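Structure, as structure tokens:
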Number of protein chains: 2
Amino acid sequence: MSKIIPVRNESKKETISKNASKLFRKKGFSATSMRELAVDIGVEASSLYNHIGSKSELLQIICFKVANDFINQINELEQIEIDVTIKLEKIIRFHIHKMLEDYDMVYVANHEWKHLQEPFLKNFLNQRKLYENKLIELIKIGIFEKSIKKLNPQVLAFTILSAVRGLEFWQQHKKNIDIAELEKTMVTQLLNGIIK
Amino acid sequence: MSKIIPVRNESKKETISKNASKLFRKKGFSATSMRELAVDIGVEASSLYNHIGSKSELLQIICFKVANDFINQINELEQIEIDVTIKLEKIIRFHIHKMLEDYDMVYVANHEWKHLQEPFLKNFLNQRKLYENKLIELIKIGIFEKSIKKLNPQVLAFTILSAVRGLEFWQQHKKNIDIAELEKTMVTQLLNGIIK
DNA sequence: TTACAAAACTAACGCTTATTCGTTTTTAAT
DNA sequence: ATTAAAAACGAATAAGCGTTAGTTTTGTAA
């Protein structure tokens with residue numbers, strides 16, 4: 001008989017979630033079977049149900065963990081009194097670090113959330129919209145304070161989010177690009193542009 | 001008995017592909033069943049196989065149609081002798097227009113390509129890399145000519161691609177944002193930055 | 001050592017899946 | 001009206017799905 005062995009001080013549920021993140025990212029939520037997940041962990045599929053409620057629950061855990069991390073960060077940022085442009089820079093850098101640390105989970109939250117069941121789907125999209133709106137508000141302040149160009153704040157926000165959400169590419173080029181250069185380049189491009 | 005009725009001068013295969021694009025986008029490739037697709041078209045699932053070879057073939061058609069469109073555009077652009085920054089602007093605008101015209105197909109090509117079977121998967125990724133490399137080369141020329149800032153060309157290229165690939169958000173905000181403003185804002189942000 | 005709970009196992013359920021088969025209906029050309 | 005091809009159908013297939021039930025093994029504490 002095999003066993004689920006949690007690494008470090010993780011619970012077994014966390015171990016399963018981590019493995020699920022990896023598979024959901026690689027194969028997609030729908031194309032990943034509980035039997036595959038079980039093989040990956042080294043246990044029978046039915047044994048997983050001693051620790052989790054359902055396949056769907058795994059997706060919930062992943063998506064809301066990520067959503068909360070981002071909401072928390074932007075909430076903290078709101079409290080601090082620094083220039084808007086510096087806040088934007090911090091947000092971009094946070095996205096880059098999250099994508100580095102929790103690649104699988106962030107990827108799944110970005111790409112597989114549509115397979116959440118109600119009411120979790122609505123809930124997740126509300127969280128997302130909340131985050132987007134906070135970013136838009138930040139940009140509006142910047143425009144008001146004349147530190148940011150007078151452009152459509154919604155588009156500016158979505159472009160930043162699209163750019164950082166697309167950071168998956170970085171995983172495949174880890175060796176070529178070092179993280180400090182990545183950060184510097186993206187922050188410069190998104191905030192200052194690329195044309196001399 | 002029902003029938004597959006092609007609109008305009010499309011073939012029936014094209015009609016099926018269009019419908020498949022819509023469903024693959026909404027539900028994902030794996031979560032879309034041939035029965036659902038059949039219902040959408042108004043026919044029995046088995047009847048589809050008079051026109052297509054397999055579910056997988058539908059994904060191939062979609063992904064390679066999109067890949068070819070983008071490759072063709074950047075190839076044409078290579079021939080023209082205009083400033084690099086104007087080429088970049090044209091590329092960004094082309095992405096915006098494609099996302100507007102063929103939303104479902106472009107979305108599927110961007111998000112569901114991983115479900116392609118070999119050798120199509122490798123083939124598609126090669127096409128993608130080819131496109132990315134052409135964009136990187138363009139940026140390198142710009143840096144050499146000193147019209148573009150000396151930053152990591154790979155990161156610059158991927159950030160632009162991430163930003164335009166994320167243009168899905170626009171579909172949900174069609175009413176609020178008009179396309180001319182969208183184009184202007186994104187081009188300005190990505191090329192000139194947002195800070196005054 | 002005994003006893004209990006946690007967590008593994010095997011086996012199965014009911015359902016859905018993509019696809020195939022043989023047949024019938026429809027369409028279009030002679 | 002006759003014929004042949006195209007395209008629909010219903011039924012069936014084999015495989016895979018998430019999940020449950022009942023049972024056995026394992027780990028822990030008295």
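Proteins get letters first, then strands, A, B, ... in listed order; numbering begins at 1 in each. Computed from a prediction, not measured in an experiment: that's the story for all the values here.
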* Which residues within residues 30-40 of chain B lie with some heavy atom under 4.0 Å of an atom in DNA chain C? -> B:T32, B:S33, B:M34, B:R35
* **Check: B:V43 main-chain N/O paired with B:S47 side-chain donor or acceptor under 3.5 Å** => no
* Cation-pi check, B:K22 onto B:Y107 ring (under 6.0 Å, within 45° of axis) -> no
* Cation over ring, B:K114 on B:F29, under 6.0 Å and within 45°? -> no
Result block: side-chain N/O donor-acceptor pairs under 3.5 angstrom for residues 160-172 of chain B, not counting sequence neighbours:
unit_1	atom_1	unit_2	atom_2	d
B:S162	OG	A:G166	O	3.4
B:S162	OG	B:F158	O	2.8
B:E168	OE2	B:H111	NE2	3.2

* To do: Can you see which heavy atom on A:D69 is nearest to which on A:K65, and at what distance?
  => OD2-NZ, 2.8 Å
* For the residue pair A:I74 and A:L135, what are the closest heavy atoms and their distance? -> CD1-N, 4.1 Å
Expressed in angstrom and rounded to an integer, what is the separation of [X] atom [atom1] from [N] atom [atom2]?
{"X": "B:I16", "N": "C:dT19", "atom1": "CD1", "atom2": "P", "value": "13 Å"}
{"X": "A:K12", "N": "D:dT26", "atom1": "NZ", "atom2": "P", "value": "14 Å"}
{"X": "B:L48", "N": "D:dG10", "atom1": "CG", "atom2": "C1'", "value": "15 Å"}
{"X": "A:K13", "N": "C:dA7", "atom1": "NZ", "atom2": "C1'", "value": "15 Å"}
{"X": "B:I52", "N": "D:dA7", "atom1": "CD1", "atom2": "P", "value": "13 Å"}
{"X": "A:E44", "N": "D:dT25", "atom1": "CD", "atom2": "P", "value": "15 Å"}
{"X": "B:H115", "N": "C:dT17", "atom1": "NE2", "atom2": "C1'", "value": "15 Å"}
{"X": "B:L23", "N": "C:dT17", "atom1": "CG", "atom2": "C1'", "value": "16 Å"}

* Structure fact -> Of B:N50 and A:Y49, the one whose nearest nucleotide on DNA chain D sits closer to the 5' end is B:N50
* Are A:E36 and A:K27 close enough that some pair of their side-chain heavy atoms sits under 4.5 Å apart? -> yes
* To do: Would you kindly say whether A:K12 and A:N50 are connected by a side-chain donor-acceptor distance under 3.5 Å?
  => no
* Phosphate contact (D:dA6 OP1 or OP2) by B:H51 side-chain N/O below 4.0 Å -> no
* To do: State whether A:S47 places a side-chain N or O below 4.0 Å from either non-bridging phosphate oxygen (OP1 or OP2) of C:dA7.
  => no
Protein-nucleotides 21-23 of chain C N/O pairs under 3.5 Å:
none

* So does A:K98 pair up with A:E101, basic N to acidic O under 4.0 Å? -> no
